[in-house]
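The block underneath contains the structure these notes are about, expressed in structure tokens.
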Amino acid sequence: MTHKTSLAVRTTATGSIVLLALAGCGSNGDNGGEGDGDTLNIALFGEEPYSWLDDSGEPTGATIAVAEEIFGERMGYDIEVEQTDWDNLIPGLNAGNWDVVSAGMSINADRCAEAEFGEPELLYTTSLLVEEGNPLDVNDFDDLLEAQESGENIDVVALTGGVEAPWMDDMGIDYEGVGNAQDGIDFVEGERADVFALTAISLSTMAGDSDSMDVTEPFSHELSVGAHTFRPEDDDLREEFNEHLNELKESGEYLDIVSEFGFTEDEMPPADLTAQELCDEDPAELTEEYLDN
């Protein structure tokens with residue numbers, strides 16, 4: 001199937017949002033999907049390897065590939081994709097600006113209070129982006145806290161709204177927020193910060209080849225699992241998506257799709273883990289149950 005893409009730019013109070021129309025091959029009604037002929041608006045954030053715009057302005061990434069397969073190929077929707085700021089993803093979703101967020105957003109209780117999540121898709125670990133050679137010898141959050149408590153002058157940045165920020169808040173680590181992943185990388189590269197904390201696979205993908213920076217070994221602070229995000233009232237859409245997602249997982253096709261973007265079996269969540277557990281249960285208990293055994 002060939003996707004035909006059209007490009008337009010709309011300027012809002014928060015900046016430019018790029019709109020791209022992707023025609024799913026089921027949109028002509030051939031696949032019998034419930035969305036035949038309808039348009040589904042999807043928001044992405046712009047973080048490799050989950051979802052971003054490539055050099056030609058086309059949406060790409062692991063979560064976009066999954067969205068195209070399920071919503072386009074299997075459910076028959078025409079898909080329009082918008083890129084926006086992280087902090088606008090859920091508010092824009094609930095305001096009706098788009099129908100689904102495809103950004104690999106981690107499921108947690110705070111977000112579950114505002115939106116609904118599809119079933120778990122990708123398991124995340126964390127890494128730190130540091131100066132080449134890691135002269136401060138920091139490899140995880142415990143190291144950052146110890147360094148700051150010892151009086152060492154170490155400047156840390158994290159994605160505003162990302163899961164790393166509240167984790168560091170809980171630990172008492174001082175940090176500054178940045179609006180997107182590239183800003184965090186630029187802060188370290190430009191020596192305006194010593195450390196950028198982000199999902200391990202994102203840092204490896206976006207900065208792993210740098211000659212001036214290193215990405216530390218991945219670590220697991222807390223069970224963190226990403227999924228597609230829906231409006232609370234769109235139960236039917238979410239449930240149908242979950243049915244197709246489960247089919248992809250059981251057949252092995254899901255891993256085939258996301259492996260093109262660097263994901264491996266190691267990033268697949270436990271088969272029996274559910275979105276409801278991640279919304280409702282204590283994160284420490286889930287971490288012990290699924291990660292510490």
Side-chain angles (χ1 to χ4, degrees), residues 45-52 61-63 86 103-108 120-148 152 154-227 258-269 283 286-287 290-292:
F45 167 53
E47 179 182 347
E48 301 178 37
Y50 310 109
S51 60
W52 75 99
T63 67
W86 182 268
M105 183 176 287
S106 293
I107 307 170
N108 61 39
E121 296 184 47
L122 297 168
L123 180 68
Y124 302 146
T125 53
T126 305
S127 285
L128 306 178
L129 184 67
V130 296
E131 182 185 342
E132 182 185 16
N134 196 4
L136 295 171
D137 194 25
V138 288
N139 296 285
D140 55 27
F141 292 148
D142 289 332
D143 289 345
L144 292 179
L145 181 61
E146 182 179 350
Q148 290 184 346
E152 193 160 2
I154 180 168
D155 294 320
V156 182
V157 293
L159 184 66
T160 301
V163 293
E164 298 80 15
W167 289 344
M168 290 193 288
D169 282 333
D170 290 343
M171 293 185 67
I173 298 170
D174 292 330
Y175 68 92
E176 296 293 332
V178 292
N180 58 68
Q182 190 59 54
D183 282 350
I185 293 169
D186 292 343
F187 267 64
V188 176
E189 187 172 36
E191 300 182 354
R192 289 174 287 169
D194 301 301
V195 176
F196 176 36
L198 190 66
T199 306
I201 196 168
S202 293
L203 287 179
S204 178
T205 301
M206 299 179 72
D209 295 332
S210 172
D211 293 330
S212 61
M213 299 177 289
D214 285 342
V215 178
T216 65
E217 288 296 317
F219 63 93
S220 295
H221 174 75
E222 187 176 287
L223 182 65
S224 181
V225 180
V258 300
S259 65
E260 295 186 20
F261 301 91
F263 291 92
T264 69
E265 185 67 41
D266 291 341
E267 282 81 43
M268 297 301 100
L286 288 175
T287 300
Y290 288 107
L291 293 183
D292 294 345

Do M105 and F45 make a side-chain contact, defined as non-hydrogen atoms from C-beta onward lying under 4.5 Å apart?
no

Discussion item. Please check: side-chain N/O of N134 versus main-chain N/O of V138, any donor-acceptor pairing under 3.5 Å?
Written reply: yes

Next on the checklist: Show, in sequence, the C-alpha distance, side-chain angles and deciding distance for E131 and V195, and conclude whether the side chain to side chain contact (heavy atoms under 4.5 Å, CB included) test is met.
Outcome noted: CA-CA 8 Å; E131 182 185 342; V195 176; over 6 Å; no

In terms of heavy-atom contacts, I154 and A147 come closest through CG2-CB, 4.3 Å

In short, A181 meets E47 closest at the heavy-atom pair CB-CG, 4.2 Å

Q) With a 4.5 Å heavy-atom cut-off, do M206 and L129 have their side chains touching? A) no

- Going through the distances and angles, do L144 and Y175 end up as a side chain to side chain contact (heavy atoms under 4.5 Å, CB included)? CA-CA 10 Å; L144 292 179; Y175 68 92; over 6 Å; no

For this session: Would you please test T199 and Y50 for side chain to side chain contact (heavy atoms under 4.5 Å, CB included) and show each step?
Result: CA-CA 11 Å; T199 306; Y50 310 109; 2.7 Å; yes

Please check: side-chain N/O of S259 versus main-chain N/O of T264, any donor-acceptor pairing under 3.5 Å? no

Closest non-hydrogen atoms of S106 and V163, given as atom of the first, atom of the second and distance, are CB-CG1, 3.5 Å

So, T205 side chain and I201 main chain: donor-acceptor pair closer than 3.5 Å or not?
yes

When rounded to the nearest 0.5 Å, the distance separating CG of L286 from OG of S224 is 11.5 Å

Rounding to 0.5 Å, atoms CD (E132) and CG (D211) come to a distance of 7.0 Å

One should read off an interatomic distance between Y124 OH and F263 CZ, to the nearest 0.5 angstrom, of 6.0 Å

On a heavy-atom basis, the closest approach of M171 and F141 is SD-CB, 3.5 Å

Smallest heavy-atom separation, A227 atom then I107 atom, equals CB-CD1, 3.8 Å

- Message: For E152, is the CD atom crowded, meaning more than 12 foreign heavy atoms sit under 6.0 Å from it?
- Response: yes

**Message:** Can a donor-acceptor pair be found, under 3.5 Å and without considering hydrogens, that links the side chain of S210 to the backbone of S212?
**Reply:** yes

Test item: V258 and E121 side chains (from C-beta on) under 4.5 Å apart, heavy atoms
no

*asked:* Checking the side chain of T125 only, and the main-chain atoms of S220 only, is there a donor and an acceptor separated by less than 3.5 Å?
replied: no

### Query
Is the H221 ring parallel, tilted or perpendicular to the W167 ring (thresholds 30°, 60°)?
tilted

Interatomic distance, CG@D169 vs CG@D174, rounded to 0.5 Å, equals 9.5 Å

CG of L198 to OG1 of T126, rounded to nearest 0.5 Å, is 8.0 Å

| Derivation of the side chain to side chain contact (heavy atoms under 4.5 Å, CB included) call for N108 and E222 | CA-CA 11 Å; N108 61 39; E222 187 176 287; over 6 Å; no

* Would a distance-only check, ignoring hydrogens and angles, find a side-chain to backbone donor-acceptor pair under 3.5 Å from T216 to L128? -> yes

(request) Would you mind reporting whether N180 and W86 have side-chain heavy atoms less than 4.5 Å apart? (result) no

With side chains defined as the heavy atoms from C-beta onward, is the minimum distance between V157 and R192 less than 4.5 Å?
no

Heavy atoms of P269 and V225 approach each other most closely as CB-CG1, 4.1 Å

* Would you check if the side chain of D155 reaches a backbone N or O of D194 as a donor-acceptor pair within less than 3.5 Å? => no

Worksheet item: Is there a side-chain contact between I173 and Q148 (heavy atoms, below 4.5 Å)?
Response: yes

Rounded to the nearest 0.5 angstrom, the OG-CG distance for S127 and N139 is 9.5 Å

Q) Are F261 and E48 side-chain neighbours, meaning at least one heavy-atom pair lies under 4.5 Å? A) no

